[in-house]
*Asks:* 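The following block contains the structure, expressed as structure tokens.
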Protein chains: 2
Amino acid sequence: MPRGRESWKQQPWWYGRFRGCGYRLTVPREVILGVLSKTSGHLSAEDIYLAVHKVYPAIGLTTIYRTLELLVQMGLVFKFNFGDKRARYELAEGSKGIRHHHHLVCTHCGKVMDYTDFIDEEVELLNQIEKGLSKKFNFKITNHLIQFYGLCEKCQEK
Amino acid sequence: MPRGRESWKQQPWWYGRFRGCGYRLTVPREVILGVLSKTSGHLSAEDIYLAVHKVYPAIGLTTIYRTLELLVQMGLVFKFNFGDKRARYELAEGSKGIRHHHHLVCTHCGKVMDYTDFIDEEVELLNQIEKGLSKKFNFKITNHLIQFYGLCEKCQEK
DNA sequence: GATATTAATGAAAATGGTTTCTATTAACAA
DNA sequence: TTGTTAATAGAAACCATTTTCATTAATATC
Ligand SMILES: [Mn+2]
Ligand SMILES: [Mn+2]
Ligand SMILES: [Zn+2]
Ligand SMILES: [Zn+2]
């Protein structure tokens with residue numbers, strides 16, 4: 001497989017982020033980012049392991065966890081908890097043109113849906129809240145989590 | 001200890017909820033609700049176990065978990081995940097005059113703070129979102145989770 | 001108040017996602 | 001090409017939570 005490192009190939013968008021932090025560009029890291037880039041879903045560590053395993057059977061589950069932790073810490077990947085008890089991961093907004101979004105979680109079947117609606121209104125409220133809370137509590141907000149729980153179309157029918 | 005069941009004592013607000021569902025009023029359930037009523041913090045199952053254990057050493061951790069699950073399912077208690085890996089519990093809004101609120105979580109020291117600011121504005125936005133999403137996705141929202149992550153006053157100083 | 005029914009409990013064991021340990025491998029600077 | 005050391009694989013450990021099952025006690029009935 002073309003590693004792209006020494007070649008003509010255009011380097012992916014994340015190369016600079018790694019080099020800048022002094023992290024090495026390894027096959028597992030590339031492959032895991034590749035898997036995350038190719039899906040629109042919210043994958044668990046095991047999901048990613050299985051996808052990776054098909055092509056690179058030598059890459060172990062431990063490395064999946066370690067790499068995901070690194071990617072989260074670098075801000076390239078978001079880690080979520082949707083109520084099933086495994087962590088779930090997706091590429092962060094900005095990377096690869098992904099829009100800022102939140103999630104609808106069906107409490108009956110576990111389905112997770114992205115939505116990007118009302119983001120403008122949300123950002124407005126969030127700015128207001130951020131200002132207010134940083135003044136009141138002297139708390140510096142860096143991130144937020146918004147999720148809606150309920151019943152999806154199919155689960156309402158029953 | 002006064003159980004209050006057969007006595008002069010005014011029955012706590014949750015008694016009706018149990019009877020209505022056909023659940024028995026047991027000592028562990030009373031004691032656990034008692035612990036949750038007396039704190040303003042966000043307790044883990046183990047926190048609750050230790051508090052209960054001081055007064056009723058016979059009550060086991062398993063019962064704490066089972067009871068919390070029941071209380072969550074009954075809507076008397078909320079279950080949260082703040083990033084340390086244990087679930088955390090607090091009495092639901094409404095019970096005992098607790099106001100609707102969300103949380104600020106310090107990603108450095110783990111401190112969790114309640115805030116009740118901007119709830120009116122939030123409710124307005126949430127209604128808008130709920131209408132929009134239920135129309136677009138035919139998703140019936142029953143609940144929402146909002147958390148802010150960042151640095152608390154103390155952790156900013158470092 | 002005594003008794004029967006069965007939901008609820010406690011202790012121990014199992015579960016399962018995640019982390020740690022350690023010897024080995026490979027990225028990359030020189 | 002070589003040396004340094006970060007990164008990896010696999011096995012074992014971890015640990016919050018759940019399951020199992022024999023025992024207890026809450027409630028309804030007498
Ligand atoms: Mn998403
Ligand atoms: Mn709270
Ligand atoms: Zn559903
Ligand atoms: Zn802090």
Side-chain angles (χ1 to χ4, degrees), chain A residues 1 3-7 11 14-33 42-50 52-53 56-74 77 79-89 110, chain B residues 1 3-7 11 14-33 42-50 52-53 56-74 77 79-89 110:
Chain A
M1 31 65 242
R3 295 297 311 287
R5 197 166 297 125
E6 59 293 275
S7 75
Q11 294 188 335
W14 63 73
Y15 271 54
R17 296 291 287 276
F18 275 86
R19 310 313 301 269
C21 298
Y23 298 131
R24 294 180 180 176
L25 293 164
T26 67
V27 174
R29 289 170 183 177
E30 283 188 67
V31 175
I32 290 168
L33 278 167
H42 307 88
L43 304 185
S44 68
E46 195 185 2
D47 291 337
I48 296 169
Y49 170 72
L50 292 173
V52 166
H53 190 80
Y56 292 86
I59 296 176
L61 183 54
T62 309
T63 298
I64 307 292
Y65 277 108
R66 253 188 322 239
T67 303
L68 287 170
E69 186 185 14
L70 181 75
L71 295 175
V72 168
Q73 177 249 300
M74 290 173 73
V77 165
K79 179 178 183 177
F80 290 101
N81 202 296
F82 293 129
D84 60 346
K85 41 205 67 176
R86 38 210 338 129
R88 297 198 166 266
Y89 302 85
Chain B
M1 34 60 243
R3 297 296 312 288
R5 199 164 296 126
E6 58 295 275
S7 76
Q11 294 189 335
W14 63 71
Y15 271 53
R17 296 290 287 273
F18 275 86
R19 310 313 302 268
C21 299
Y23 298 131
R24 295 182 180 175
L25 294 164
T26 68
V27 174
R29 288 171 184 176
E30 283 187 67
V31 176
I32 289 167
L33 279 166
H42 306 88
L43 306 185
S44 67
E46 195 185 2
D47 292 336
I48 296 168
Y49 170 72
L50 292 173
V52 165
H53 189 78
Y56 291 86
I59 296 176
L61 183 56
T62 309
T63 297
I64 307 291
Y65 277 108
R66 256 189 315 236
T67 302
L68 287 170
E69 187 186 12
L70 181 74
L71 296 175
V72 168
Q73 178 248 301
M74 290 172 71
V77 166
K79 180 178 184 177
F80 290 102
N81 201 301
F82 293 129
D84 60 344
K85 40 205 68 177
R86 32 199 358 118
R88 299 198 166 264
Y89 302 85

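Each chain gets a letter, A, B and so on, in the order its sequence line appears, and its residues count up from 1. Since the structure is predicted, the reported quantities are computational estimates derived from the model, not experimental observations.
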*Asks:* Does dT18(C) have its OP1 or OP2 closer than 4.0 Å to a side-chain nitrogen or oxygen of K85(A)?
*Replies:*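 For dT18(C), neither OP1 nor OP2 has a side-chain N or O of K85(A) closer than 4.0 Å.
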*Asks:* Write down the distance between CG (L71(A)) and C1' (dA7(D)), rounded to a whole number of angstrom.
*Replies:*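 To the nearest whole Å, that distance equals 13 Å.
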*Asks:* When the distance from OH of Y65(B) to P of dT20(D) is rounded to whole Å, what number comes out?
*Replies:*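 My rounded result for the distance is 18 Å.
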*Asks:* What is the distance, rounded to the nearest whole Å, between atom CZ of R88(B) and atom P of dA16(D)?
*Replies:*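 After rounding, the reported distance stands at 11 Å.
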*Asks:* Rounding to a whole Å, what distance do you find between E30(A):CD and dA7(D):P?
*Replies:*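 Between P of dA7(D) and CD of E30(A): 14 Å.
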*Asks:* Apply the side chain to side chain contact (heavy atoms under 4.5 Å, CB included) test between I48(A) and each candidate in V31(A), L43(A), L61(A); give the one that qualifies.
*Replies:*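 Only one of V31(A), L43(A), L61(A) forms a side chain to side chain contact (heavy atoms under 4.5 Å, CB included) with I48(A), namely L43(A).
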*Asks:* Tell me every residue that passes side-chain contact (heavy atoms from CB on, under 4.5 Å) with F82(B), counting only those two or more places apart in sequence or in another chain.
*Replies:*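 By the side-chain contact (heavy atoms from CB on, under 4.5 Å) rule, F82(B) matches H42(B), F80(B), D84(B), R88(B), H103(B), V105(B), V112(B), Q147(B).
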*Asks:* Go through the structure and list residues passing side-chain contact (heavy atoms from CB on, under 4.5 Å) with T63(B), not counting sequence neighbours.
*Replies:*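 Checked T63(B) against side-chain contact (heavy atoms from CB on, under 4.5 Å); matches are P28(B), I59(B), R66(B), T67(B).
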*Asks:* Could you write nucleotides 6-14 of chain C as a row of B, S and -, 5' to 3', where a protein heavy atom under 4.0 Å of any base atom gives B, of only sugar-phosphate atoms gives S, and otherwise -?
*Replies:* BBSBBBB--
*Asks:* Could you check if a side-chain atom of R19(A) sits within less than 4.5 angstrom of a side-chain atom of L25(A), using non-hydrogen atoms only?
*Replies:*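 They are in side-chain contact.
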*Asks:* What pairs with E46(A) under salt bridge (Lys or Arg N to Asp or Glu O under 4.0 Å), at least two apart in sequence or on another chain?
*Replies:*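 Checked E46(A) against salt bridge (Lys or Arg N to Asp or Glu O under 4.0 Å); matches are R86(A).
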*Asks:* What is the distance, to the nearest angstrom, from the OH atom on Y56(A) to the P atom on dA7(D)?
*Replies:*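 Atom OH in Y56(A) sits about 19 Å away from atom P in dA7(D).
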*Asks:* Once you round it to whole Å, what is the distance between C1' of dG17(C) and CZ of R86(B)?
*Replies:*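 Computing the R86(B):CZ to dG17(C):C1' distance gives 16 Å.
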*Asks:* Kindly give the atom pairs (protein nitrogen or oxygen, nucleotide nitrogen or oxygen) under 3.5 Å for nucleotides 1-3 of chain C.
*Replies:*
none

*Asks:* Are the side chains of Y89(B) and D47(B) in touch, meaning some heavy atoms are under 4.5 Å apart?
*Replies:*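 Result no, sub-4.5 Å side-chain heavy-atom pair not found.
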*Asks:* For a side-chain hydrogen bond (donor to acceptor under 3.5 Å, both in side chains) with E30(A), tell me which candidate from W14(A), Y15(A), Y56(A) qualifies.
*Replies:*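 Among the candidates, only Y15(A) passes.
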*Asks:* Restricting to side-chain contact (heavy atoms from CB on, under 4.5 Å), what partner residues turn up for Q73(A), sequence neighbours left out?
*Replies:*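 Only Y23(A), L70(A) meet the side-chain contact (heavy atoms from CB on, under 4.5 Å) criterion with Q73(A).
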*Asks:* Just how far, in rounded Å, is C1' of dA7(D) from CG of L68(A)?
*Replies:*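 Distance check: L68(A) CG to dA7(D) C1' gives 15 Å.
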*Asks:* OP1 or OP2 of dA28(D) less than 4.0 angstrom from a side-chain nitrogen or oxygen of R19(B), does that happen here?
*Replies:*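 Result: yes.
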*Asks:* Could you give the OH-to-P distance, from Y49(A) to dT8(D), as a whole number of Å?
*Replies:*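 Rounded to the whole Å, the gap is 15 Å.
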*Asks:* Might you point out which heavy atoms bring R24(A) and F18(A) nearest each other, and give the distance in Å?
*Replies:*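 Nearest heavy atoms, R24(A) then F18(A): O-CD2, 3.9 Å.
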